[in-house]
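Worksheet: one structure, shown below.
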Protein chains: 2
Amino acid sequence: MKIQQLRYVREAARRKCNLTAVAQALHTSQPGVSRQIRELEDELGIEIFERAGKRLIGLTPPGVSVLPIIERLLHEVENLKRAGADFAAQGKGVLTIAATHSQARYALPPAVRDFSAMHPDVTLRMHQGSPRQIAEMLMEGSADIGIATEALSNFPELVALPCYQWTHTVIVRPDHPLAVECRDGVALTLQRLIQFPIITYEPGYTGRSHIDAALAFDRVSANIVLEAMDADVIKTYVELGLGVGIVAAIAFDARRDTELLAIDARHLFATNLTRLAVRRGSFLRTYVYDFIETFAPTLDRAMVDLAMATRP
Amino acid sequence: MKIQQLRYVREAARRKCNLTAVAQALHTSQPGVSRQIRELEDELGIEIFERAGKRLIGLTPPGVSVLPIIERLLHEVENLKRAGADFAAQGKGVLTIAATHSQARYALPPAVRDFSAMHPDVTLRMHQGSPRQIAEMLMEGSADIGIATEALSNFPELVALPCYQWTHTVIVRPDHPLAVECRDGVALTLQRLIQFPIITYEPGYTGRSHIDAALAFDRVSANIVLEAMDADVIKTYVELGLGVGIVAAIAFDARRDTELLAIDARHLFATNLTRLAVRRGSFLRTYVYDFIETFAPTLDRAMVDLAMATRP
DNA sequence: AGAACTTACGATGTACGTAACGATT
DNA sequence: AATCGTTACGTACATCGTAAGTTCT
């Protein structure tokens with residue numbers, strides 16, 4: 001049994017049993033792949049792939065039960081390499097963070113700045129995507145850390161750790177009726193809010209689920225005229241007078257956003273919890289822990305390790 | 001990176017870094033071991049073993065952090081082979097059970113008989129040992145299933161599943177004062193019991209802890225004249241008149257043990273729970289599940305899988 | 001002096017790539 | 001006809017065992 005044979009099998013399973021594609025992806029010859037897979041099957045005494053004549057068309061029952069073991073095994077191989085690299089080039093390395101726009105734009109900058117100062121030899125790579133995409137990246141190993149407010153705790157393969165809580169805020173132009181009422185000390189209500197066109201996040205992003213939940217709870221519906229993935233876009237259209245915005249409070253900067261006024265809305269929508277996720281069972285290089293501690297001071301290495309060892 | 005290199009490393013760690021011993025254990029030459037370990041270290045870019053001149057004297061810090069990954073990886077290799085064997089030779093195979101004498105002698109026979117009838121091609125191997133030894137066997141992979149009343153749930157590497165409950169019984173010769181009192185309907189008390197010399201299990205065996213706990217709770221001490229690993233020995237000496245015995249109720253057979261009388265003692269000692277354990281993370285061949293279900297009908301495959309996936 | 005690891009070297013094996021073949025759509 | 005997997009074959013490299021070398025105890 002060779003590790004490479006296992007790689008071929010895994011890749012074949014991922015590429016719908018197309019051995020030619022496997023060979024290209026792994027930079028080797030197609031006959032080699034074919035042969036090695038056969039030899040592994042011989043050694044294990046089972047057929048992993050269902051063959052229709054000369055074509056692979058799927059996994060056999062033994063293949064189905066063996067594949068997860070192969071995946072775990074190769075995952076440990078990855079861990080071993082990472083653990084080696086961690087000691088070999090102490091300090092140096094790459095840290096890949098996958099985050100939503102909101103996080104990358106508003107929550108991460110201080111942590112990134114401090115981390116860079118602490119680890120000048122670590123190359124930071126920042127990927128943006130939907131919470132769903134972030135989860136995918138973590139699971140396939142192309143990101144070390146994922147940060148998002150939604151969805152991350154829904155995957156058994158991931159460990160999601162609470163980082164910080166935040167609330168929504170309503171933003172309007174200074175000449176908007178709500179701005180006037182706010183200055184007059186009138187408390188904002190959901191009923192009043194939905195009388196205006198709303199601009200906020202797309203479903204699945206940045207606490208949108210809590211906005212929808214609040215509306216559903218009151219059995220009212222809002223006129224959402226524009227949905228965007230990030231607060232910058234939302235702010236732009238609020239400034240244009242298209243409607244009132246609902247964004248994460250963290251996304252409003254009184255000094256910069258001089259054309260806007262923020263009205264606290266924490267009493268209208270449930271508090272949001274931003275989570276940081278890593279892949280369960282992955283070896284984390286020391287600087288990964290450092291970043292986590294920098295970003296979320298409430299977390300430390302022991303807590304992360306504990307969470308990773310605990311099954312959901 | 002080759003699997004065999006990892007085997008060498010693991011074995012070296014187990015054999016106190018004696019590469020000569022490693023080579024003998026794995027049936028290869030000593031220079032080969034030396035070389036392969038070095039090549040792995042080169043590839044990972046770390047030194048795994050601390051070297052004093054030409055001698056290996058221990059693990060380096062990187063070695064310490066890398067070794068558990070190697071162990072897990074090799075464990076998955078084992079799983080892969082077992083999974084293969086499970087399908088390759090459906091039905092055929094070996095099932096190794098490690099149990100205490102009490103279990104092997106009294107609890108297991110019906111399950112073994114039924115299992116053998118169900119799987120005539122599975123060779124059953126029965127090992128006896130102390131609960132502690134049973135745990136060791138499971139953890140090193142030399143037994144598939146461990147069965148004991150004590151200790152099995154103390155190891156995070158093992159999954160212990162409750163099988164059945166049982167109580168202790170007091171055994172005496174028919175002419176013993178306690179036998180007379182029993183026939184007269186006098187209820188047995190701990191105070192009365194300890195007025196006689198006691199013969200029972202060794203510490204660490206078959207519910208002995210509950211006997212000690214009952215004595216400690218009442219702040220009394222018994223005159224234990226003989227301790228044995230199994231009920232057969234205890235019964236023999238009770239028959240000889242050396243004292244009264246305390247054994248598992250299951251170990252008394254009214255038809256066979258005609259020279260003895262059993263007095264129910266479930267009100268004196270806490271109920272015991274016999275557990276079945278498997279190594280966490282091991283692939284279990286289908287007949288292993290079958291045996292578990294045969295032995296403990298309250299368990300089934302889904303429950304075992306669930307328990308294995310749940311962290312303590 | 002002996003035990004233990006490393007280096008050196010030669011033989012066997014094995015993986016890999018190219019090329020030709022066979023089967024399926 | 002084209003795509004895809006298997007078979008055949010030769011080369012190159014790696015593993016392994018024997019033997020000699022070196023460094024500690």
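Letters go in sequence order (proteins before strands), and every chain restarts at 1. Because the structure is predicted, anything quoted here is derived from the model rather than measured. The analysis underlying the following values was restricted to heavy atoms, covering all of them including side chains, and did not include hydrogens, waters or symmetry mates.
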May I ask you to evaluate whether Thr20(B) reaches the phosphate of dC5(C), defined as a side-chain N or O under 4.0 Å from OP1 or OP2? yes
Ala52(A) or His27(A), whichever maps to the more 5' nucleotide of DNA chain C: His27(A)
Measuring to OP1 and OP2 of dC16(C), would you say a side-chain N or O of Gln4(A) lies under 4.0 angstrom away? yes
Value in whole Å for how far the C1' atom of dA15(C) lies from CE of Met1(B): 18 Å
Selection: residues 32-51 of chain A, any non-hydrogen atom under 4.0 Å of DNA chain C: Gln36(A), Glu39(A)
Look at Glu71(A) together with Arg14(A) and state whether they make a salt bridge at an N to O cut-off of under 4.0 Å. yes
Partners passing side chain to side chain contact (heavy atoms under 4.5 Å, CB included) against Met126(A) (at least two apart in sequence or in another chain): Ile97(A), Ala104(A), Leu108(A), Val112(A)
salt_bridge(Asp305(A), Arg301(A)) N-O dist < 4.0 Å: yes
Between dC5(C) (P) and Ile57(B) (CD1): distance, integer Å: 12 Å
Would you mind telling me which residue lines up with the more 5' stretch of DNA chain C, Pro31(B) or Pro31(A), judged by nearest nucleotide? Pro31(B)
Can Asp121(B) and Lys92(B) be counted as an ion pair, charged N to O under 4.0 angstrom? no
His127(B) and Thr96(B): side-chain donor and acceptor closer than 3.5 Å? no
Check the distance between dA15(C)'s P and Ile3(B)'s CD1 and give it to me in whole angstrom. 12 Å
Test side chain to side chain donor-acceptor pair (under 3.5 Å) on Tyr289(B) and Asp300(B); report intermediate values, then the result. CA-CA 7 Å; Tyr289(B) 291 101; Asp300(B) 63 17; over 6 Å; no
Can you check the Arg55(A) CZ to dC4(D) P distance for me, whole Å? 7 Å
Nucleotide nearest Ser29(A) (side chain, heavy atoms from C-beta), chosen from dG17(C), dC5(C), dC16(D): dG17(C)
Can a salt bridge be assigned to the pair Arg280(A) and Glu157(A) using a cut-off of 4.0 Å between side-chain N and carboxylate O? no
Could you check how far CD of Gln30(A) sits from P of dT7(D), rounded to whole Å? 11 Å
Rounded to whole Å, the NZ-C1' distance (Lys16(A) to dG5(D)) equals 19 Å
Side chain of Lys2(B) (C-beta onward), nearest among dA14(D), dT6(C), dT6(D): dA14(D)
Under-4.0 Å side-chain N/O to phosphate OP1/OP2 contact, Asn18(A) with dT3(D): no
